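One structure below.
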Amino acid sequence: MSKDAKFCMGCGHPIVLQTLYKILKNNNEEQKSVLGLDIGCSLLAWDFLQVNTFQTHHGRVTPTMVGFKRAKPDSLSFAYTGDGGAYSIGLQSLLWAAKRNDPVTVIVVNNSVYAMTGGQTAPTTMKDQITLTAPVGNSEEPIDGLALVRAVNKKAFVARSSVNNPKQLQEYLQKAIESQKQGNFSIVEVLSYCPTSWKTFGVETNNFLEELKKVFVIGEY
Amino acid sequence: MLEKRFLNGHEVLVEACIDAGAMQMFGYPITPTTEILSGWINKSLQNKNLHCLQTEDEVAAGFAVCGAIMAGQKAFTATAGPGTVLMQDALSMADGMRLPFVALIGQRGGPSSGTVIYSQQEVNLAIHGGNGEGLRIVLSPSNLEEMYTLTRKVFNYAYKYRFPSILLTDGYLLKTRQSFSLPETKIENQKLLALVDEASQKNIRNIYTLEKELMSELEKNKQDFEEMSKEIVEFEIYLGDNSLDEIEDLIIAHGIVGAVAKEAVDELNKQNKKVALFRPITLSPFPKDELNKLAKKIKNIFVCESSLGQLHDLVKQNLEVTTKISGIFKPAVGVEVEEIVDLVLSNK
Ligand SMILES: Cc1ncc(C[n+]2csc(CCOP(=O)(O)OP(=O)(O)O)c2C)c(N)n1
Ligand code: SF4
Ligand SMILES: [Mg+2]
C-alpha cells in the first residue's frame with residue numbers, strides 16, 4: 001500500500017459504507033451480511049463496519065462472493081469494489097456473475113481513477129481528464145459498466161447514485177438487497193469523491209462530482 | 001475383500017472427492033482434467049447435495065473456491081497446464097489467508113499450451129507458483145489406488161493444517177484404466193471449518209500496512225509448516241529383493257515415473273544390481289531427512305522424470321551429501337523401464 005491504511009479526509013467511501021450499514025442495522029441483517037472487499041481503496045473498509053468482512057484480490061471480489069453465496073445461500077453477500085476492479089481487471093467475472101444472475105450485490109465505488117495506486121487512468125476516467133498515466137488528458141471515452149450489465153441481465157436491479165445524494169443512495173442499496181433476497185443479481189454504482197487523486201479542495205471536490213454526473217447517468221437502468 | 005472395479009483416474013478422483021465430503025466444484029474445461037468436471041456434474045445429477053459451476057475461467061473458479069471455503073463449504077477445483085498458471089492468483093490468496101484450498105492438477109506438457117498428456121512439469125508451479133514462500137502441500141500419486149488415498153489426504157491436510165493442498169497427477173495416469181478397490185481401512189474426514197459465519201464478527205485481511213507484521217505472520221506460517229511436515233511427509237523406498245544395507249545405487253522418481261522405476265528395480269535385481277527406488281509422495285514438504293539417511297550409503301543417484309529437472313532441483317535442494325547425480329529428463333514424454341535399466345547398467 002502506498003499510503004496509510006485509512007480513508008483520506010473528504011473521501012466518499014465512508015458515506016457509502018455508512019449508508020449500507022444503516023440499512024443493514026435497520027433491517028437487523030448485520031449478522032447475516034458479509035462484505036467481500038476488492039483490492040483498491042475498498043480494502044480500507046476491512047475494519048470499518050460491525051459486519052463480517054474479508055479482503056480478496058484486485059478484480060476478484062465478485063467471483064469470490066459468487067462462491068460464498070453459492071455455499072451459503074442464506075447470507076447477504078456483498079462485493080465491494082472500485083471502478084477499476086469492477087470494469088477493468090474484473091469485468092469478465094462481473095459480467096458472468098450478472099449473466100448467470102448470481103444473487104449477490106455488487107457495490108461499485110466509482111471515483112473515475114485508480115485511487116489506491118495514486119490516481120491512474122481507469123475504465124471510468126472521463127475524456128480529457130488528466131491522470132498520472134494520462135498527463136495530457138485521457139484520449140478514450142469512459143465505459144458504462146451498468147449498460148453492459150443490463151445488456152446481459154434483464155432481472156437484475158441496476159442503478160447509479162452518488163455520494164452527494166444519500167437519500168437516493170439509500171433507496172438504491174435497499175432495492176439491491178431486495179433484489180438479492182429475491183434471488184437476483186444487483187449492482188449499485190456510486191459516483192464518489194476522491195479529493196486526493198483529483199487534487200481538489202472543498203467545493204471543488206463536489207464540483208468534480210457534478211461533472212462526473214454529467215457523463216454517468218444517474219438513476220435506475 | 002473389497003470389491004474390485006475397473007476405473008480410470010478421473011473416475012477415481014471424483015469418487016475420492018465425494019468421499020472426502022466435498023460438496024462443490026468450480027472448474028473450467030481443460031485437458032486432461034475436463035472429465036473430472038463432467039464426471040462431478042454427472043454425479044451431482046444423482047446426488048442433490050453435490051453442486052457445481054463451470055465458471056468463465058480458472059481465475060473465477062479459484063476465487064469461487066476461496067469464497068465457498070470462507071462460507072464453510074468443502075469446495076475444490078481441478079485444472080491443468082495453462083489453467084494451473086491462471087489458478088495461481090487464487091492459490092496465492094489461499095497462501096496468504098491459509099485457506100484450505102484443494103486443487104487437483106493434471107500435468108500436461110508445457111510451457112504454454114504444450115501437449116496434453118504426459119508431463120511432470122508443473123512441480124515448480126504447484127509448490128512455488130505464488131508470490132510467497134511456497135508453503136503448499138503437494139502430493140504425487142503413482143497409481144490409481146494411491147490417487148484415491150492421496151486425494152482423501154489432500155482434503156484432510158488442507159482442513160487440518162490450513163495450507164493450500166494439491167494433488168499433482170498427470171494426463172497419463174488420469175486416462176489409465178486399472179483395476180481399483182477402495183482402501184481396506186476407513187479414512188475419517190477432517191471436520192469442516194467456517195471462516196465466516198453469523199456467530200461472531202470477523203474481519204479478515206490479506207494486505208498489511210506494517211511490513212514487520214507481514215514478516216512475523218510468514219515466520220509463523222513457516223514454523224507451522226515445518227511442524228506439520230514431521231506429521232505428513234510420505235515416501236516409498238522400494239528395495240525389490242535387496243536389503244537396505246547392500247544398496248549401492250538409488251533411483252529417485254515420483255508419480256507415474258515412480259511406478260515405472262519400480263519395474264526397473266525388479267529388472268535390475270535380476271541382473272544383480274544393488275539398486276533401490278526412493279519415491280517422494282509428498283513433494284512438498286519434501287522427505288528430506290529420509291532421503292539423506294538413505295543417500296549416505298549410496299554411490300550413485302539417478303533422477304528420472306518427465307521434465308528437464310524440476311525433481312532433480314528438489315533433490316539437490318534437499319540433499320546434504322555430494323553423491324553424483326545423473327538421470328533421465330524427458331519433458332512431455334514417458335520414461336520407459338528399459339531406459340532406466342540401461343542408465344543404471346551403463347554407469348561405471
Ligand atoms: C493483480 C493486481 N494488479 C494490480 C494491482 C495494483 N492495484 C491495487 S489497487 C489498484 C486500482 C484500484 O482502483 P479501483 O478499483 O478503481 O479502486 P479505488 O482505489 O479507486 O477505490 C491497482 C491497479 C493489484 N493489487 N493486483
Ligand atoms: S485515495 Fe481517494 S478513494 Fe482512496 S481513500 Fe483517499 S480519497 Fe478515498
Ligand atoms: Mg477507482
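Note that this is a predicted model, so its numbers are computed, not measured. Just so we're on the same page: letters track the sequence lines, and every chain starts at 1. Only heavy atoms go into these numbers, but all of them, side chains included; no hydrogens, no water, no symmetry mates.
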Residue, of A:R100, A:K72, A:H57, that accumulates the most heavy atom pairs under 4.5 Å with chain B: A:H57
Ion pair present between A:D74 and A:K69, side-chain N to carboxylate O less than 4.0 angstrom? no
A:V51 versus chain B, heavy atoms under 4.5 Å apart: side chain, backbone, both or neither? backbone
Please check if any side-chain donor atom of A:T125 sits under 3.5 Å from a side-chain acceptor atom of A:T131, or the reverse. no
The interface call for A:E30 against chain B, heavy-atom contacts under 4.5 Å, is neither
At a heavy-atom separation under 4.5 Å, does A:S75 approach chain B through its side chain, its backbone, both, or neither? neither
Side chain, backbone, both or neither: which part of A:I39 has a heavy atom under 4.5 Å from chain B? side chain
Indicate whether the side chain of A:Y221 and that of A:E189 have a donor and an acceptor atom separated by less than 3.5 Å. no
So how far is it from A:N153 CG to A:F185 CZ, rounded to the nearest 0.5 Å? 7.5 Å
The interface call for B:E198 against chain A, heavy-atom contacts under 4.5 Å, is both
Checked A:V66, A:T56, A:V34 vs chain B; the most non-hydrogen pairs under 4.5 Å come from A:T56
Counting only non-hydrogen atoms closer than 4.5 Å, does B:V59 touch chain A with its backbone (N, CA, C, O), its side chain (CB onward), both, or neither? side chain
Quick one: what part of B:S200 sits under 4.5 Å from any heavy atom of chain A, side chain, backbone, both or neither? backbone
Among B:C66, B:A75, B:A90, B:A60, the residue with the most heavy-atom pairs under 4.5 Å to chain A is B:A60
Please state whether the rings of B:F76 and B:F155 are parallel, tilted or perpendicular, taking 30° and 60° as the class boundaries. perpendicular
Quick one: do the A:T124 and A:S112 side chains pair a donor with an acceptor below 3.5 Å? no
Would you mind checking which part of B:M23 comes under 4.5 Å of any heavy atom in chain A, side chain (CB onward), backbone (N, CA, C, O), both or neither? neither
Taking A:G67, A:S93, A:A97 one by one, which has the highest count of heavy-atom pairs under 4.5 Å against chain B? A:G67
With respect to chain A, which residue among B:D57, B:V65, B:T55, B:D89 yields the maximal number of heavy-atom pairs within a distance under 4.5 Å? B:D89
Between the side chains of B:R205 and B:E213, is the shortest nitrogen-to-carboxylate-oxygen separation below 4.0 Å, so that they form an ion pair? yes
Check whether the side chains of B:N124 and B:E122 place a donor and an acceptor atom closer than 3.5 Å, and report yes or no. no
Between A:H13 and A:F7, how do the two ring planes meet: parallel, tilted or perpendicular, split at 30° and 60°? parallel
